[in-house]
2 protein chains.
Amino acid sequence: MQEPDSQISTSYHHGGLRDALIAAGLDILNEENVMGLSLRKVAKRANVSHAAPYRHFKDKQHLLAGIAEEGFRALAQGMTAVLDAYGDNPRQAILQMGHHYIAFGVAHPAQLSLMFSDLLGWGESESLGEAAGETFELVVRMITLAQTAGVVKQGDPEQLARAHWAMAHGLAMLAKEGFLSGEDGEYDQQKSTQALENLLVGMEE
Amino acid sequence: MQEPDSQISTSYHHGGLRDALIAAGLDILNEENVMGLSLRKVAKRANVSHAAPYRHFKDKQHLLAGIAEEGFRALAQGMTAVLDAYGDNPRQAILQMGHHYIAFGVAHPAQLSLMFSDLLGWGESESLGEAAGETFELVVRMITLAQTAGVVKQGDPEQLARAHWAMAHGLAMLAKEGFLSGEDGEYDQQKSTQALENLLVGMEE
DNA sequence: ACCTGAACACCGTTCAAGT
DNA sequence: ACCTGAACACCGTTCAAGT
């Protein structure tokens, strides 16, 4: 077993550069916005030449797809944690899942926008669709648990999951643009709770 | 009274160029996406030099804000039509308002994305905020009408309007990315109806 | 295998100069 | 008042050349 630390910062064999480029892109996205995200800036931040990214991404669109995919995976991971934490209380799980989604949007506005933008080319990356599908499946699982517990009505769980996803996504978009701010100008979580409760009541039949 | 038609296509005095630039930008947005929208391309399509747009927009961000504002105004106009058509049936009005919002997103995906993107600089254009506010007020008015008719529960109409807006916006984003497609791959309006109904039931108390 | 540097056509923005 | 053309620093993408 050798210690590879000595070359980690300058060498990127075995796909290490791919992750470094996505991380660099995420940094730029969080500091600026998608217009400030250039392939050349990403390359510079990863300490490679401006042509190096083309070894790992066909073009800029595919780097953006990689960043979006990372977003779906991070979202799914957080949602899994919520599901684990509130597994015994499906009603709370539904509300907290919504809040988690919205919090992700407020923390990473440009990334969430990117995840639903027209810049990705969904058809060209099966792993992107897979990551988004995994995220949706977690919502479906949550709904199924709630149905079993008698908290929400019976019926197609995917239908109810779509309603929940749409509400959470809509609230996230409104929140990140400041449309859910309170008197102090800060995001007012209570406004999300009210909307999520409205939907929840409707899902109880 | 003179006939100015003869110079309309080549001259843009009195703000005519501003509208022409927004229209050209909209065309490009609908044909490509926000990455393909360059100021130089917009200027060329409006038959002016690449520096001419700076007479009407401080920079690219302000042109984007103008295009987004036009979107809010178009949305508000369509929503007013829905309200007029279903004024005597608040329950239908609520559902049709949602469908209209989603249809706008499916028809103008890049524009709707732009309207909620981080590229606009909301603080720098009061007319943009005004246009968005008008749109929201129409939803509030619809909720108030429904409350008067006893179709939805009493309480802060803005709270219920936010829930409806979030649901409609979330569904629009899901629809334009293909997450609400049926077996044939086309947008399945029924899936939106189901989600909108879920929320509506919850708003009935 | 993976990376580089030069090259090309394109950007956003500014500004002196024209009408 | 409004528009233009040249100029600058920056893009995305390609490709011959290097290790």
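Here is how names work: the chains are called A, B, and so on, in the same order as the sequence lines, proteins then strands, and each is numbered from 1.
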* Asked: If you measure from CE on Met35(B) to CG on Leu37(B), what distance do you get to the nearest 0.5 Å?
  -> 11.5 Å
* Nearest-angstrom distance from the residue atom CG of Leu17(B) to P of dT4(D) -> 9 Å
* Is the Tyr101(B) ring parallel, tilted or perpendicular to the His169(B) ring (thresholds 30°, 60°)? -> perpendicular
* Asked: So what's dA17(C) paired with, Watson-Crick or G-U wobble, going by both distances under 3.5 Å?
  -> none
* Asked: To the nearest angstrom, how far is Phe57(B) atom CZ from dT14(C) atom P?
  -> 16 Å
* Structure fact -> Leu39(A) CG to dC11(C) P, in whole Å, measures 17 Å
* Describe, in one word, how the ring planes of Phe179(B) and Trp165(A) are oriented to each other, choosing from parallel (under 30°), tilted (30 to 60°) and perpendicular (over 60°). => tilted
* To do: Counting Watson-Crick and G-U wobble pairs only, both distances under 3.5 Å, name the nucleotide matched with dA9(D), or none.
  => none
* Asked: Please give, in whole Å, the distance from dT4(D) C1' to Lys44(B) NZ?
  -> 15 Å
* Asked: To the nearest Å, how far apart are Lys60(B) NZ and dG12(C) P?
  -> 4 Å
* To do: Rounded to the nearest angstrom, tell me the gap between atom NE2 in His50(B) and atom C1' in dT4(D).
  => 8 Å
* To do: Ignoring hydrogens and angles, answer whether the base of dT4(C) and the side-chain atoms of Arg55(A) contain a donor-acceptor pair closer than 3.5 Å.
  => no
* In whole angstrom, give the distance that lies between atom NZ of Lys58(B) and atom C1' of dG12(C). => 13 Å
* Answer yes or no: are there more than 12 heavy-atom neighbours, outside Glu32(B) itself, under 6.0 Å from its atom CD? => yes
* Asked: With respect to the side chain of Ala51(A), which nucleotide from dC3(D), dG5(C), dT4(D) is positioned closest?
  -> dG5(C)
* Asked: Does any nucleotide pair with dC3(D) by Watson-Crick or G-U wobble geometry, both distances under 3.5 Å, and what is it?
  -> none
* Asked: Below 4.0 angstrom from OP1 or OP2 of dG5(D), is there any side-chain N or O of Ser49(B)?
  -> no
* Structure fact -> note: Met35(A), atom CE; dG12(C), atom C1'; distance rounded to Å ~ 8 Å
* Are His100(A) and Phe104(A) close enough that their ring centers fall under 6.0 Å? -> no
